[in-house]
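Reviewing the structure listed below.
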Amino acid sequence: TFLTEYGDFINKRGAFAKDHIWITARDPDLKAYHWHQKYLITSTKVLGRLACLVLSKILGIGTAERNWKQVKKRQ
């Protein structure tokens with residue numbers, strides 16, 4: 001399911017064959033996770049949820065988040 005949905009996303013076919021979603025995606029002020037939440041979650045089973053998890057803001061809990069904050073402080 002993931003690979004099928006990803007292939008459709010990359011090739012802009014199936015649920016992703018709509019021009020307006022790609023025009024919206026070009027907006028530089030649009031946060032990626034908002035776009036994925038609006039267009040991917042409603043039209044996919046796996047890819048939309050994965051994208052929202054990957055692109056969402058750090059919640060500040062857990063080892064990975066603490067390590068990420070330390071990396072950000074060094075920059």
query = CG/Asp27 to NE2/His34 distance, rounded to the nearest 0.5 angstrom?
reply = 11.5 Å
query = So, for Val46 and Glu5, which heavy atoms are closest and what is the spacing to 0.1 Å?
reply = N-OE1, 3.1 Å
For residues 17-25, run the donor-acceptor check on the side chains, cut-off 3.5 Å, and write out each pair with its distance to 0.1 Å, sequence neighbours left out.
residue : atom : partner : partner atom : Å
Trp22   : NE1  : Phe16   : O            : 2.8
Thr24   : OG1  : His20   : O            : 2.8

task = Return the set of residues passing side chain to side chain contact (heavy atoms under 4.5 Å, CB included) with Tyr6 (not counting sequence neighbours), or none when no residue passes.
result = Phe2, Ile10, Leu47
